[in-house]
Structure formats: C-alpha cells, structure tokens
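Computed from a predicted model, the values in this text were never measured in an experiment. Residues: numbered from 1 along the sequence shown.
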Amino acid sequence: MKIRIREITPLIVVLDVLAARLKEARERPDRGDVSISTIIIWVAVIAVAAGIATIIGGTLYSKYSAQLSGL
C-alpha cells in the first residue's frame with residue numbers, strides 16, 4: 001500500500017505543531033498551563049485515534065477495493 005503525501009500531510013502538520021510546543025515548553029518551563037503528562041495523554045489519544053482510523057480505512061479499502069476501481 002503506497003503512502004501518499006496528501007494522506008500524511010495532516011499528521012506532519014500535527015507533529016510539527018506538537019514539536020514546536022514541546023520546544024517552547026522546554027525553553028519556558030514557568031508557563032505552567034499545560035503539564036507534560038497532559039501532552040503525553042493527548043499524544044496517546046491522537047495515536048490511538050489515528051490507529052483506529054487506519055484500521056477502519058484499511059478494512060473498508062480491502063472490502064470495497066474492487067467496487068472502487070471502476071470509479
């Protein structure tokens with residue numbers, strides 16, 4: 001299954017924003033508005049959601065790929 005740039009672009013954007021926020025949190029630890037544990041929980045939630053979406057997408061693609069090839 002080929003990975004297309006259009007499909008992974010949202011993930012790249014999310015990871016870039018997350019990296020920038022983590023960098024800012026390291027540079028300014030006195031902000032105190034979001035703890036590291038909250039960030040870890042959010043990353044885990046997003047990873048699980050992406051995994052579920054991938055499983056559903058793969059399942060639907062394998063089930064209906066023959067019908068979609070005629071479009």
Side-chain angles (χ1 to χ4, degrees):
M1 190 176 207
K2 289 185 178 180
I3 296 177
R4 296 186 181 134
I5 297 296
R6 257 189 355 211
E7 294 171 356
I8 62 170
T9 300
L11 179 62
I12 292 171
V13 170
V14 168
L15 292 175
D16 187 41
V17 169
L18 183 62
R21 291 197 180 198
L22 284 172
K23 181 181 175 186
E24 182 181 345
R26 277 190 226 110
E27 292 172 355
R28 297 177 34 197
D30 59 339
R31 284 183 54 189
D33 56 347
V34 177
S35 66
I36 294 299
S37 59
T38 304
I39 293 172
I40 292 170
I41 291 169
W42 273 106
V43 169
V45 167
I46 291 170
V48 168
I52 291 171
T54 302
I55 290 169
I56 291 171
T59 303
L60 291 175
Y61 179 79
S62 66
K63 185 174 181 178
Y64 296 108
S65 63
Q67 295 173 0
L68 293 174
S69 64
L71 295 178

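A distance of 9.5 Å separates CG in Leu11 from CD1 in Ile46, rounded to the nearest 0.5 Å.
With sequence neighbours excluded, the residues forming a side chain to side chain contact (heavy atoms under 4.5 Å, CB included) with Ile12 are Ile8, listed by chain and number. Evaluation of the side chain to side chain contact (heavy atoms under 4.5 Å, CB included) rule for Ile55 yields Thr59 as partners, not counting sequence neighbours.
In the hydrophobic clustering (ILVMFWY side chains linked at under 4.5 Å, chained through shared members), Val45 is joined by Ile41.
Note on Val43 and Leu22: same hydrophobic cluster, where clusters join Ile, Leu, Val, Met, Phe, Trp and Tyr whose side-chain heavy atoms are under 4.5 Å apart, directly or indirectly.
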